[in-house]
Amino acid sequence: MPTIPPNVRGAVITGWGTALPPKVLTNHDLEQTLDTSDHWIVERTGIRERHVGGTTVGLSVESGRKALDMSGVDPATIDALVLATTTPDRTVPASSATVQKELGLRCGAFDLNAACSGFVYGLVQAHGLIAMGAKKILVIGTDTLARITDWDDRNTAILFADGSGAVVLEAVEGEGQLLGWDLDADGSAERFLYSDIGGFIHMDGKEVFRRAVRIMVDSATKSMGHAGCTADEIKLVVPHQANLRIIQAACDRLGIPIERAATVLQHTGNTSSASIPLALADALDNSRVQQGDLVLLVGFGAGMTAASAVLRWGGSTDAPVMM
Ligand code: UT7
């Protein structure tokens, strides 16, 4: 993947928001219907509970509205809506079209499916639009995996859940937050994680685990190379929230202490496109990121896709947000 050319107009995140359905399903709830245990799930994944319910449109509208409110941006001035999702509510039209209407946006809107890497794909895509003249973009990552999960299959039912996270990106003069990025896919691995239309998720957990660690490390290393930084300069890594052991293994190989990783999967499970923005928002809400800090986002998912981005929080200090 290319490095960012000099003098490209950049962007900064000026607002964020999240949404989780109110219904909580604990590991103990799953013990009632599956041959599993809270102990096994916590030990093998780190997950204790997850939220299930709602629609992709409904959750997206909730997180998107919060991000818009926080940024103070008038919805009518948003130039594009990118909705990363692998679980749209309908085949046609795209869920983003309905979200666009509900939020009062007057702009182009499209769904983007890169599975659990979708939010980072969307963020990179949005930076491309900003380089081409767009000024304000809403990027949302939402998934409602409960609808495509076989709740009788203990291989997958313990992992997947629903949620949404959103950010508002605004153009700045000069360098923005994004310093380096990488997008990847390997279609030859699609058989390890898939869901046919109208069907449930099928997964070879061990194979996905093995590949996940490798491709996260590969992608993150490329992004850091493009950004011209090293792992010890990363203040916060925001990984896809699939399994604490995957996060631990990837951090170990990258040489980033696990204490620098943002995790919410203990309470959200794996929410696919929503997982990185949920973890990012949690870290931001808890003041884990200061102006100038380097933040590494890194995801992997069905496809198998991988995506990463290095952001310098706040972007250039002297960069006025364009009106
Ligand atoms: O967004 C990407 C989505 N997917 C992923 O990230 C999945 C990546 N893979 C994983 O997270 C892990 O492979 C799993 C959590 C899915 C499974 O963990 P594991 O450590 O790879 O377990 P395993 O499949 O090797 O199974 C170990 C044992 C087996 O029993 P035996 O053969 O050792 O007697 C399984 O039958 O655990 C058993 N087992 C379970 N026991 C209780 C498998 N699933 C369960 C379960 N509850 N849910």
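In the hydrophobic clustering (ILVMFWY side chains linked at under 4.5 Å, chained through shared members), V92 stands by itself. In the hydrophobic clustering (ILVMFWY side chains linked at under 4.5 Å, chained through shared members), M132 stands by itself.
Taking the side chain as every heavy atom from C-beta outward, L25 and E49 never approach each other to under 4.5 Å. In this structure, the side chains of V124 and L183 come closer than 4.5 Å at one or more pairs of heavy atoms. In this structure, the side chains of W16 and L284 come closer than 4.5 Å at one or more pairs of heavy atoms. You'll find the side chain of D282 stays beyond 4.5 Å of the side chain of L278, heavy atoms only. In this structure the side chain of L294 reaches within 4.5 angstrom of the side chain of L179, judged on heavy atoms. Contact annotation: the side chain of L59 approaches that of P21 to within less than 4.5 Å [non-hydrogen atoms, C-beta and beyond]. L30 has its side chain within reach of R50: a pair of non-hydrogen atoms, C-beta onward, lies under 4.5 Å apart. The shortest distance between side-chain heavy atoms of T98 and D89 does not fall below 4.5 Å.
A donor-acceptor pair under 3.5 Å is absent between the side-chain atoms of E62 and the main chain of G58, judged by distance alone. A donor-acceptor pair under 3.5 Å links the side-chain atoms of Q177 to the main chain of I13, judged by distance alone. The backbone N or O of A134 sits less than 3.5 Å from a side-chain atom of R9, completing a donor-acceptor pair. Judged by distance alone, the side chain of R191 and the main-chain N or O of D204 form no donor-acceptor pair under 3.5 Å. No side-chain donor-acceptor contact under 3.5 Å links H51 to the backbone of T268. At least one donor-acceptor pair under 3.5 Å links the side chain of T45 to the backbone N or O of I47. Of the possible donor and acceptor atoms, one in the side chain of S223 sits under 3.5 Å from a partner among the backbone N and O of S308. A donor-acceptor distance shorter than 3.5 angstrom exists from the side chain of D79 to the backbone of K135, with no hydrogens or angles considered. Remark: side-chain polar atoms of E102 are not paired, donor with acceptor, to backbone N or O of V57 under 3.5 angstrom. Side-chain atoms of W151 come within 3.5 Å of backbone atoms of A146 as a donor-acceptor pair (strictly under, hydrogens ignored).
N27 and W40 form no side-chain donor-acceptor contact under 3.5 Å, judged by distance and modelled atom types alone. Using modelled atom types and a 3.5 Å distance limit, the side chains of T86 and D143 yield no donor-acceptor pair. Side-chain contact of T221 with D218: a donor-acceptor pair under 3.5 Å is absent, judged by distance alone. Side-chain atoms of D74 and T77 include no donor-acceptor pair closer than 3.5 Å.
Surrounding CG of N7 are at most 12 heavy atoms belonging to other residues, nucleotides or ligands under 6.0 Å away.
Connection of Y121 to L129 is established within a shared hydrophobic cluster, with ILVMFWY side chains joined at heavy-atom distances below 4.5 Å, either directly or through further cluster members. Transitive grouping of hydrophobic side chains (ILVMFWY, heavy atoms separated by less than 4.5 Å) brings M224 and V213 into a common cluster. Hydrophobic clustering places I137 together with L280 (ILVMFWY residues linked when any side-chain heavy atoms are closer than 4.5 Å, directly or through intermediates).
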Assess the residue pair Q266 and L244 against the criterion (side-chain contact (heavy atoms from CB on, under 4.5 Å)); give the C-alpha distance rounded to whole Å, side-chain angles, the decisive distance to 0.1 Å, and a yes or no. CA-CA 9 Å; Q266 297 87 340; L244 263 188; 4.2 Å; yes
Given the rule in the side-chain contact (heavy atoms from CB on, under 4.5 Å) test, do V120 and W181 qualify, once you have shown the distances and angles that lead to the verdict? CA-CA 9 Å; V120 181; W181 57 275; over 6 Å; no
Checking side-chain contact (heavy atoms from CB on, under 4.5 Å) for the pair I140/L81: CA distance, chi angles, key distance, verdict? CA-CA 8 Å; I140 307 179; L81 165 64; 3.7 Å; yes
Applying side chain to side chain donor-acceptor pair (under 3.5 Å), run through S219 and D182 and close with a yes or a no. CA-CA 6 Å; S219 185; D182 175 67; 2.7 Å; yes
Is there a side chain to side chain donor-acceptor pair (under 3.5 Å) between E170 and T14? Walk through the geometry before answering. CA-CA 7 Å; E170 293 189 63; T14 57; 2.6 Å; yes
Run V167 and L123 through side-chain contact (heavy atoms from CB on, under 4.5 Å) and show every step you take. CA-CA 9 Å; V167 299; L123 198 68; 4.0 Å; yes
Dump the intermediate steps for side chain to side chain donor-acceptor pair (under 3.5 Å) on T56 and T144, then the final yes or no. CA-CA 6 Å; T56 290; T144 45; 2.9 Å; yes
Show, in sequence, the C-alpha distance, side-chain angles and deciding distance for R312 and E175, and conclude whether the salt bridge (charged side-chain N to carboxylate O under 4.0 Å, His left out) test is met. CA-CA 10 Å; R312 181 185 293 121; E175 189 184 69; 2.9 Å; yes
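For the atom pair L34 CG and D29 CG, the distance stands at 11.0 Å (nearest 0.5 Å). Atom CG of D196 and atom CD1 of I201 lie 11.5 Å apart (nearest 0.5 Å).
Listed by first and then second residue, the ring-ring contact (aromatic ring centres under 6.0 Å, His included) pairs involving residues 272-298 amount to none (not counting sequence neighbours). Pairs engaging residues 205-216 under the side-chain hydrogen bond (donor to acceptor under 3.5 Å, both in side chains) rule: E207-R210, E207-R211 [sequence neighbours left out]. Among pairs with a residue in residues 32-41, those fulfilling salt bridge (charged side-chain N to carboxylate O under 4.0 Å, His left out) read D35-R154, at least two apart in sequence or across chains. Pairs passing the ring-ring contact (aromatic ring centres under 6.0 Å, His included) check and including a residue from residues 230-249, sequence neighbours excluded, read H240-F300. Among residue pairs with one or both ends in residues 227-253, those qualifying as salt bridge (charged side-chain N to carboxylate O under 4.0 Å, His left out) are K235-D293; sequence neighbours excluded.
The side-chain contact (heavy atoms from CB on, under 4.5 Å) test applied to A220 returns L254, L296, V298, not counting sequence neighbours. Remark: A279 engages V238, Q241, A262, V264 in a side-chain contact (heavy atoms from CB on, under 4.5 Å) (not counting sequence neighbours). The ring-ring contact (aromatic ring centres under 6.0 Å, His included) test applied to H202 returns Y194, not counting sequence neighbours. For the side-chain hydrogen bond (donor to acceptor under 3.5 Å, both in side chains) test, no residue two or more places apart in sequence or in another chain qualifies with D150. Legend: residues meeting side-chain hydrogen bond (donor to acceptor under 3.5 Å, both in side chains) with S96, ordered by chain and number and at least two apart, are D111.
The two residues A115 and S273 come nearest to each other via the heavy atoms O-OG, 3.3 Å. In plain terms, the two heavy atoms of L20 and D162 that are nearest each other are CD2-O, 3.7 Å. Of all heavy-atom pairs between T142 and S164, the closest is OG1-OG, 2.7 Å. The two residues C229 and I234 have their closest heavy-atom pair at SG-CD1, 4.0 Å. Minimum heavy-atom separation, I247 to A261: CG2-CB, 4.1 Å. Residues V237 and P239 share a closest heavy-atom pair of O-CD, 3.3 Å.
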